[in-house]
Novice: 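What follows is a single structure, and I will ask about it in a moment.
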2 protein chains.
Amino acid sequence: MSLVPADSAFLDALAAQLPPDTLRAAEPRHLEEPRGRWQGHAAAIALPRSAEEVATIVRACSEARVALLPYGGGTGLVGGQLVPKDGGAAPLLISLERMRAIRAVHPEENVLIAEAGAILTEVQDAAAEAGRLFPLSLASEGSARIGGLLATNAGGVNVLRYGNARDLCLGLEAVLPSGEVWHGLRRLRKDNTGYDLRNLLIGAEGTLGVITAASLRLFARPAATGTALLVVEDPAAALSLLARARDRMGEAVSAFEIMSRTGYDFLAETLPEVRQPFDTKPEWSVLIEVGLPQGLDPATALEELFAEALEAGLVSDGLIAQSDAQAQDFWQVRERIPEANRMIGAVSSHDISVPLGAIPEFIPEGIARLKRIGEFRVNCFGHVGDGNLHYNVFPAPGRSRADHDAERDDIKRVLHDLVHEMGGSVSAEHGIGRLKVDDLERYQDPAKLAAMRAIKDALDPGGIMNPGAVLRAR
Amino acid sequence: MSLVPADSAFLDALAAQLPPDTLRAAEPRHLEEPRGRWQGHAAAIALPRSAEEVATIVRACSEARVALLPYGGGTGLVGGQLVPKDGGAAPLLISLERMRAIRAVHPEENVLIAEAGAILTEVQDAAAEAGRLFPLSLASEGSARIGGLLATNAGGVNVLRYGNARDLCLGLEAVLPSGEVWHGLRRLRKDNTGYDLRNLLIGAEGTLGVITAASLRLFARPAATGTALLVVEDPAAALSLLARARDRMGEAVSAFEIMSRTGYDFLAETLPEVRQPFDTKPEWSVLIEVGLPQGLDPATALEELFAEALEAGLVSDGLIAQSDAQAQDFWQVRERIPEANRMIGAVSSHDISVPLGAIPEFIPEGIARLKRIGEFRVNCFGHVGDGNLHYNVFPAPGRSRADHDAERDDIKRVLHDLVHEMGGSVSAEHGIGRLKVDDLERYQDPAKLAAMRAIKDALDPGGIMNPGAVLRAR
């Protein structure tokens with residue numbers, strides 16, 4: 001039995017079960033995705049105000065066999081947020097933008113309860129107002145919503161210390177494909193009562209249910225924060241530096257990002273307003289941030305680390321931020337590289353991870369294998385402390401991305417094969433969506449893939465929830 | 001179709017597919033559990049040497065509809081490790097005690113790969129030899145095995161800082177009920193390629209597959225560790241003290257355990273060799289351990305915390321360990337309370353958690369409600385920083401546990417109802433096993449329970465994996 005489009009009879013019947021103005025026409029923004037690969041279509045968008053209304057919508061879709069697609073902030077990079085026009089019947093979108101309340105903050109418990117439609121910065125701000133930290137932080141934090149961040153198990157720059165979105169969630173309220181509301185908003189650190197449904201929904205990209213609210217972990221704000229940009233010999237030296245930093249400061253190392261010379265070049269070329277921190281652009285450099293307990297001065301701690309690393313031949317130069325403004329300048333370098341990349345125009349972008357120990361081999365081997373295809377520039381940067389690199393391939397100077405259209409599939413295959421050989425992941429933080437369904441089928445362990453299919457069929461026998469994302473629609 | 005006993009024809013046919021001496025008669029130790037509630041039975045025990053042999057065993061059981069029960073270190077407290085004689089057909093046990101290798105240690109990645117039969121202390125030692133920390137630590141660490149620790153999502157004394165077993169696992173190798181080997185031993189910090197099968201198997205108590213190896217997270221060893229025993233006014237003061245400690249030291253607070261006067265009394269009565277740290281036994285006290293970065297002296301940090309808490313009226317007395325020996329003395333007080341409890345003889349033991357903010361209300365309210373049933377002594381102690389209390393009920397002096405046999409069910413019901421009202425969990429760290437199947441059905445959210453059943457039926461349609469644990473056998 002295949003899915004049917006949400007027609008006007010279905011929409012009228014559903015609208016009659018809901019308060020006025022819950023169903024609307026989808027806006028153009030709901031049918032696009034940031035990289036412009038696809039154009040979506042939708043019969044309508046539902047804007048419910050409660051989990052019970054979500055349940056009503058899910059039940060109606062289930063009975064009528066209409067596809068339901070949870071739409072978060074629309075910032076996903078793998079097409080999980082739309083059904084392409086040629087990719088299946090027109091779905092009903094569901095956005096929880098009317099459910100964006102911070103339901104409760106428990107600073108003494110380090111817990112915050114947010115509805116799924118809350119924007120990430122709103123959650124960060126509510127935590128800060130209570131004197132606490134919600135550490136999830138990424139480029140799209142001004143528009144990404146909690147429901148989508150959890151559904152995609154978002155990463156970002158603080159994973160090294162605080163983990164992915166998964167690690168920041170204590171409990172969920174969600175509507176399962178059966179139309180039942182799971183009231184799982186627990187505020188517990190320990191709860192061994194049955195299967196881990198929470199982590200199953202987190203990262204399932206809306207294919208196993210609709211997250212409506214979450215119980216989130218907060219943290220004490222570090223007493224003092226320090227930031228440095230250090231020039232390292234190569235990626236191997238960067239990893240040795242990280243190990244030494246952790247031996248000295250443990251989990252206090254909260255970010256450790258690598259940048260290559262190409263990143264600095266792209267910034268100079270496209271965004272001259274970004275201050276270049278070094279007179280000579282370094283081949284490899286790392287941005288390190290530490291958040292330390294009371295009694296330690298971050299600048300001193302970073303100076304001592306620098307002195308030790310200099311002695312060991314791991315670093316050759318470095319800048320330790322002497323003010324918040326300088327720290328922000330350093331972060332600008334790191335955070336605006338994606339913008340510079342877009343202006344240069346990548347042939348192909350890869351969000352991959354490999355075991356930390358494999359990074360020094362992976363980076364040059366990737367370049368060597370690409371050379372067999374053609375002449376490219378590679379901008380490799382990112383969360384090296386997590387083994388997560390954004391490995392982006394650009395045309396050689398004087399050529400455009402269009403010149404390489406025919407090679408895009410080969411580039412992907414070569415790089416993903418290499419990642420797979422090294423025990424890595426072809427989607428470190430962006431998820432599968434619709435873009436990487438083929439990759440998942442090619443690289444994922446067959447036993448796990450079969451288990452995923454069995455779980456999907458068991459929880460969503462009608463296949464209504466975000467069909468075609470993660471697993472191929474049936 | 002119900003399960004059948006593993007008869008001699010089945011065992012002979014299976015033995016023929018395996019190396020000699022893989023199947024044996026179960027020993028008495030395999031048919032007991034620590035609290036002596038049940039006596040198990042088994043047709044035999046399989047002692048495989050590889051994941052492939054485990055797969056052969058799983059397939060044979062699946063085809064013959066024979067129950068298969070993964071047996072770890074046998075230390076579980078809820079009967080997950082045995083099928084009682086009156087609780088179903090005689091199963092085949094499977095123990096991975098021959099698969100106890102540390103397959104690899106990657107100190108530079110903070111990763112260790114252990115087979116499921118490795119004893120926890122062996123993993124701790126291998127990490128220490130590499131200059132790293134594997135932080136999982138609990139009373140049974142000398143006999144508990146990694147497979148069982150993961151299958152039950154074990155907790156222990158370092159959860160506050162490092163999380164449960166779940167949080168310490170990066171990847172699994174496991175045999176699924178289909179008999180397929182899932183090769184999921186990844187060493188990645190970020191991997192968003194599909195549903196979270198790892199966390200589904202972790203905590204499933206052997207009902208969804210047999211874990212054969214795990215990729216585990218290691219940590220830098222804290223540069224210096226400090227321990228203190230502080231006398232607090234009441235549990236509310238303990239929680240305020242914890243919040244202040246975290247504001248000062250963040251995640252460096254690695255353990256925060258509460259003890260009541262009853263614990264000290266029980267120790268004095270049954271284990272006089274345990275040194276009593278205070279001249280007057282405190283009504284409430286906490287053991288705090290901190291592991292600090294380089295540059296901070298733990299004794300000084302704890303003295304400053306004590307001074308601040310004294311000023312705020314949260315603590316009235318305290319001891320800061322001046323040596324490792326003294327720190328061990330403090331830990332002895334905490335860690336030998338369970339032994340003292342056993343010697344006194346509990347009427348009823350409860351491994352519960354509630355939201356941190358509910359603890360100050362929960363403790364006296366539990367005592368008040370118990371008073372309506374009868375006269376009891378309560379020893380409430382444990383991982384208060386995690387909201388996890390071991391809330392154990394004892395006869396009044398002069399009476400024995402047998403005097404209260406008729407009240408045991410009422411006690412459990414009263415306490416678990418209270419926990420549930422407060423948004424807590426009736427099994428914080430011990431799991432469901434066979435002991436708490438009724439509790440799970442009573443207190444778990446119906447939508448989650450239905451999803452659990454659907455997942456179990458989808459992954460293990462024959463119901464062979466540890467039948468009767470977590471979910472009722474069909």
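Keep in mind the model is a prediction, meaning the values are calculated, not measured. Below, read A as the first sequence line, B as the second, and so on, with proteins coming before strands; counting in each chain starts at 1.
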Novice: To the nearest 0.5 angstrom, please state how far the CE atom of B/Met422 sits from the CG atom of A/Leu188.
Specialist: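 Going from CE on B/Met422 over to CG on A/Leu188, the span is 12.5 Å.
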
Novice: For residues B/Glu109 and A/Ile359, determine if any side-chain heavy atom of one lies less than 4.5 Å from a side-chain heavy atom of the other.
Specialist: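 Heavy-atom side-chain distance check fails, nothing below 4.5 Å.
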
Novice: To the nearest 0.5 angstrom, please state how far the CG atom of B/Asp439 sits from the OG1 atom of A/Thr193.
Specialist: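 Rounded to the nearest 0.5 Å, the CG-OG1 separation comes out at 10.0 Å.
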
Novice: What I'd like to find out is whether the side chain of B/Lys190 reaches to under 4.5 Å of the side chain of A/Val159, using heavy atoms alone.
Specialist: yes

Novice: If every non-hydrogen atom of A/Ala243 is compared with every non-hydrogen atom of B/Arg132, which pair is closest and at what distance?
Specialist: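 Nearest pair, atom of A/Ala243 first, then B/Arg132: CB-NH2, 4.3 Å.
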
Novice: So what's closer than 4.5 Å to chain A heavy atoms on B/Ala450: side chain, backbone, both or neither?
Specialist: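 Answer is side chain: those atoms of B/Ala450 sit under 4.5 Å from chain A.
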
Novice: Minimum heavy-atom separation for A/Asn192 to B/Ser425, with atom names?
Specialist: N-OG, 4.2 Å

Novice: Would you say that B/Glu304 contacts A/Gln294 through its side chain, given a criterion of any heavy-atom pair below 4.5 Å between the two side chains?
Specialist: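 Answer no - side chains too far apart.
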
Novice: Within a strict 4.5 Å, meaning less than it, do heavy atoms of the B/Asn199 and A/Arg166 side chains meet?
Specialist: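 Of all side-chain heavy-atom pairs linking A/Arg166 with B/Asn199, at least one is under 4.5 Å.
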
Novice: Does a side-chain heavy-atom distance below 4.5 Å link B/Val111 with A/Pro355?
Specialist: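 Contact flag for B/Val111/A/Pro355 side chains = no.
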
Novice: Pairs under 3.5 angstrom only: tabulate donor-acceptor contacts from the side chains of residues 202-209 of chain A to other protein residues two or more places apart or in another chain.
Specialist:
| from | atom 1 | to | atom 2 | distance (Å) |
| --- | --- | --- | --- | --- |
| A/Glu205 | OE1 | A/Gly433 | N | 2.7 |
| A/Glu205 | OE2 | A/Ile432 | N | 2.7 |
| A/Thr207 | OG1 | A/Ala204 | O | 2.7 |
| A/Thr207 | OG1 | B/Tyr195 | OH | 2.7 |

Novice: Compare all side-chain heavy atoms of B/His383 with those of A/Arg189 and state whether any distance is below 4.5 angstrom.
Specialist: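 No, their side chains stay 4.5 Å or more apart.
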
Novice: Determine the option with the most heavy-atom pairs under 4.5 angstrom with chain A, choosing from B/Gly291, B/Gly431, B/Gly387, B/Gly250.
Specialist: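 Of B/Gly291, B/Gly431, B/Gly387, B/Gly250, B/Gly431 has the most heavy-atom pairs under 4.5 Å with chain A.
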
Novice: To the nearest 0.5 Å, what is the distance between CG on B/Leu292 and CG on A/Leu292?
Specialist: 11.0 Å

Novice: Measure A/Asp247 against the heavy atoms of chain B and call it side chain, backbone, both or neither at under 4.5 Å.
Specialist: both

Novice: Heavy-atom distance under 4.5 Å to chain A: side chain of B/Asn110, backbone, both or neither?
Specialist: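 Contact with chain A is through the side chain of B/Asn110 alone.
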
Novice: Where do A/Ala451 and B/Leu176 come nearest, in terms of heavy atoms and distance?
Specialist: CB-CD1, 4.0 Å

Novice: For each of A/Met452, A/Lys456, A/Met249, tally heavy-atom pairs with chain B at distances under 4.5 Å, and name the one with the top tally.
Specialist: A/Met452

Novice: For A/Ser178, is it the side chain, the backbone, both, or neither that has a heavy atom closer than 4.5 Å to a heavy atom of chain B?
Specialist: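 It is neither, since no heavy atom gets under 4.5 Å.
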
Novice: Can you tell me which portion of A/Thr152 sits under 4.5 Å from chain B's heavy atoms? Options are side chain, backbone, both or neither.
Specialist: backbone

Novice: Tell me, for B/Asn388 versus chain A, whether the close heavy atoms (under 4.5 Å) come from the side chain, the backbone, both or neither.
Specialist: side chain

Novice: For each of B/Lys436, B/Arg198, B/Arg248, tally heavy-atom pairs with chain A at distances under 4.5 Å, and name the one with the top tally.
Specialist: B/Arg248

Novice: With chain A, which of B/Asp167, B/Leu170, B/Leu197, B/Leu296 has the greatest number of heavy-atom pairs at distances under 4.5 Å?
Specialist: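 Among B/Asp167, B/Leu170, B/Leu197, B/Leu296, the one with the most close pairs to chain A is B/Leu296.
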
Novice: Looking only at heavy atoms, what is the nearest atom pair of A/Val470 and B/Gly194, with distance?
Specialist: CG1-CA, 4.3 Å

Novice: Looking at B/Glu429, B/Arg246, B/Glu108, which one has more heavy-atom pairs under 4.5 Å with chain A than the rest?
Specialist: B/Glu429

Novice: A/His183: which residues meet the side-chain hydrogen bond (donor to acceptor under 3.5 Å, both in side chains) condition with it, sequence neighbours left out?
Specialist: none

Novice: Which atoms of A/Leu471 come close to chain B, meaning under 4.5 Å heavy atom to heavy atom: side chain ones, backbone ones, both, or neither?
Specialist: side chain

Novice: In terms of heavy-atom pairs under 4.5 Å, which option from B/Ala220, B/Ala454, B/Gly131, B/Ser427 contacts chain A the most?
Specialist: B/Ser427

Novice: Quick check: do A/Ile455 and B/Leu200 have side-chain heavy atoms less than 4.5 Å from each other?
Specialist: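 A side-chain contact exists here, since the closest heavy-atom pair is under 4.5 Å.
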
Novice: Heavy atoms only, distances under 4.5 angstrom: which of B/Glu180, B/Arg187, B/Lys448, B/Glu251 has the most pairs with chain A? Name it, please.
Specialist: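 Answer, by heavy-atom pair count under 4.5 Å with chain A: B/Lys448.
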
Novice: Heavy-atom pairs under 4.5 Å with chain B are the metric here; pick the option from A/Ala428, A/Ala447, A/Pro293 that has the most.
Specialist: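 Option with the greatest count: A/Ala428.
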
Novice: Does any heavy atom of chain B fall under 4.5 Å from the side chain of A/Asp297, the backbone, both, or neither of them?
Specialist: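 Neither part.
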
Novice: Provide the closest heavy-atom pair for A/Ala458 versus B/Ala458 in the form atom of the first, atom of the second, distance.
Specialist: CB-CB, 3.5 Å

Novice: Taking A/Asp445 first and then B/Arg186, would you say they form a salt bridge - that is, a charged N and a carboxylate O separated by under 4.0 Å?
Specialist: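 No, A/Asp445 and B/Arg186 are not salt-bridged.
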
